[in-house]
Amino acid sequence: MSRSDDSLVLAIETSCDETAVAIARGNGEIIASEISSQIAIHQPYGGVVPELASRNHNLQLRPLIEHTLRGAGIEMHQLAAIAATAGPGLASSLLIGNTTAKALALALDKPFYAINHLEGHLLSPFIGNHDDGNDAIPANLALVVSGGHTLIVNIRNADDYEVLGSTRDDAAGEAFDKVGKMIGLPYPGGPEIDRRAREGNPKAFDLPRSMIDSGDFQFSFSGLKTSVYYLLQKLPQPLDDAIINDLCASFQEAVVEILVAKTMAAAASTGASLVTVSGGVSCNSRLREVMTAACEKNGLQLRIAAPAYTTDNAAMIAWAAAIKHGQGADPTLLDSDIDPNLKLN
Ligand code: KG4
Ligand code: ZN
């Protein structure tokens with residue numbers, strides 16, 4: 001990727017419940033990133049309803065593309081490439097963004113790039129690193145923690161990923177959301193637990209650190225979730241605010257301890273000097289704090305995705321596509337499929 005590459009890549013992200021559009025320059029600079037959130041639509045159901053998600057992408061996407069182009073002062077004919085998330089995610093949601101991007105690419109006669117959503121998260125800590133030219137993605141040990149995934153990945157460069165560990169059951173964000181729902185907090189539980197945990201005592205309840213000493217880089221959060229469930233049966237109902245805050249702090253502390261311990265062990269095993277953290281849960285204030293302290297203690301550099309790029313967004317998809325476009329990667333065929341279970345490798 002050359003620094004002088006000012007070609008424009010427009011990317012669409014619709015893998016779950018956020019409709020998002022972004023534009024990156026070929027050098028990786030993000031010049032527009034817009035998100036139309038559906039949280040309010042799914043909140044009454046306590047989770048994402050796939051059919052509502054895809055129908056709302058269908059309604060929101062075209063106006064959002066126009067709004068993004070207008071806001072950036074860019075005309076459609078100036079675009080050099082179009083990208084969209086091809087998976088993993090909800091099939092009916094992925095199809096909306098994918099088909100729209102392909103239609104644009106066809107109409108404009110420009111290349112189309114199908115991007116792996118996980119690759120978008122993985123590379124997101126480096127968004128804005130466009131001054132580094134070909135070294136935009138240095139080798140690092142990556143923790144991806146989102147609503148759908150918990151992965152530890154050895155990144156050798158922008159195209160060379162080795163998954164070292166993942167979750168056997170719930171993803172970290174999913175555990176936050178399910179525990180939030182059990183306690184009676186609004187969806188999504190993650191940000192709410194983060195906020196309430198600041199007022200609570202992380203030592204109030206003794207919750208398990210599942211698999212922390214398993215000697216590998218695998219995770220399991222369902223036992224922790226079940227422990228919260230049984231604990232709730234013993235607590236006086238309705239829960240008062242102080243107990244809710246203590247529950248949030250104790251649960252969050254257990255998740256953060258597990259995530260940080262496994263990341264440090266993986267960094268030691270690969271000899272990494274740089275650790276990166278991305279995905280919705282990387283927004284968590286306690287995770288950022290404990291990970292920062294652990295990296296300092298172990299002499300590791302740390303790069304956490306900027307808060308705006310932690311939860312689902314199209315900037316990370318545009319950034320990944322800009323890297324591919326800049327490196328002269330082959331575009332994706334327009335008759336390619338989406339893949340709800342797309343893996344990293
Ligand atoms: O990356 P993301 O938008 O979606 C997936 O690709 O899955 O992540 C969404 C997840 C949700 O589970 C949400 O509760 C969690 O990220 N999350 C948080 C915080 N902000 C978002 N979890 C803990 N603390 C937060 N501050
Ligand atoms: Zn995501």
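Just so you know, ligand 1 is whichever comes first in the structure, and atom 1 is the first atom listed for that ligand. Numbering starts at 1 and runs along the sequence shown. Predicted, not measured: the structure shown is a model, and the values here were computed from it.
Taking the side chain as every heavy atom from C-beta outward, T14 and Q60 never approach each other to under 4.5 Å. Between L10 and L104, the closest side-chain pair of non-hydrogen atoms falls below 4.5 Å. Taking 4.5 Å as the limit, every side-chain heavy atom of S278 sits out of range of all side-chain heavy atoms of L123.
If you check the side chains of H325 and Y113, you find a donor sitting under 3.5 Å from an acceptor. Using modelled atom types and a 3.5 Å distance limit, the side chains of Y161 and E119 yield a donor-acceptor pair. T276 and N140 share a side-chain donor-acceptor pair at under 3.5 Å. At a cut-off of 3.5 Å, with distance as the only test, no side-chain donor of E34 or T68 sits close to an acceptor on the other residue. When only modelled atom types and interatomic distance are considered, S220 and D169 share a side-chain donor-acceptor pair under 3.5 Å. Inspection of the E13 and N313 side chains reveals no N or O donor paired with an N or O acceptor under 3.5 Å. Looking at K262 and S214, their side chains do bring a donor and an acceptor atom within 3.5 Å of each other.
Protein heavy atom at the shortest distance from atom 21 (C) of ligand 1 is G280 O, 3.4 Å. Scanning the protein heavy atoms around atom 13 (C) of ligand 1, the nearest turns out to be D177 OD1, 3.8 Å. Scanning the protein heavy atoms around atom 10 (C) of ligand 1, the nearest turns out to be G147 N, 3.5 Å. Remark: minimum distance from atom 24 (N) of ligand 1 to any protein heavy atom is reached at N284 ND2, 3.0 Å.
Backbone and side-chain nitrogen or oxygen atoms of D194 are examined, and one is located within less than 3.5 angstrom of a nitrogen or oxygen of ligand 1. Polar contact check, D312 against ligand 1: a nitrogen or oxygen pair lies under 3.5 Å apart. Checked by distance only, ligand 1 and F176 stay at 3.5 Å or farther apart across all their nitrogen or oxygen atoms. Between G190 and ligand 1, at least one pair of N/O atoms sits closer than 3.5 Å.
Residue contact annotation: C16 has no non-hydrogen atom under 4.0 Å from ligand 1.
Below 4.0 Å from some heavy atom of G148 lie the following atoms of ligand 1, by number and element: 7 (O). Close approach to G173 involves these atoms of ligand 1, each under 4.0 Å from a residue heavy atom: 12 (O). Residue-ligand proximity, T310 to ligand 1, at heavy-atom distances under 4.0 Å covers atoms 1 (O). The contact set between ligand 1 and H121, taken as ligand atoms under 4.0 Å from a residue heavy atom, comprises 1 (O), 6 (O). Every atom of ligand 1 is numbered from 1 in the order shown, and the set under 4.0 Å from a heavy atom of H117 is 6 (O).
Neither the backbone nor the side chain of L287 comes within 4.0 Å of ligand 1, counting heavy atoms alone.
Note on ring orientation: taking the six-membered ring where Trp is involved, the planes of F221 and F219 are parallel (angle under 30°, cut-offs 30° and 60°).
A distance-only check finds a donor-acceptor pair linking the side chain of H57 to the backbone of C16 [under 3.5 Å].
Taking the salt bridge (Lys or Arg N to Asp or Glu O under 4.0 Å) definition, one finds that K225 meets it with D170, sequence neighbours left out.
Within the sub-2.8 Å shell of the Zn ion (ligand 2), the protein contributes these N/O/S atoms: H117 NE2, H121 NE2, D312 OD1.
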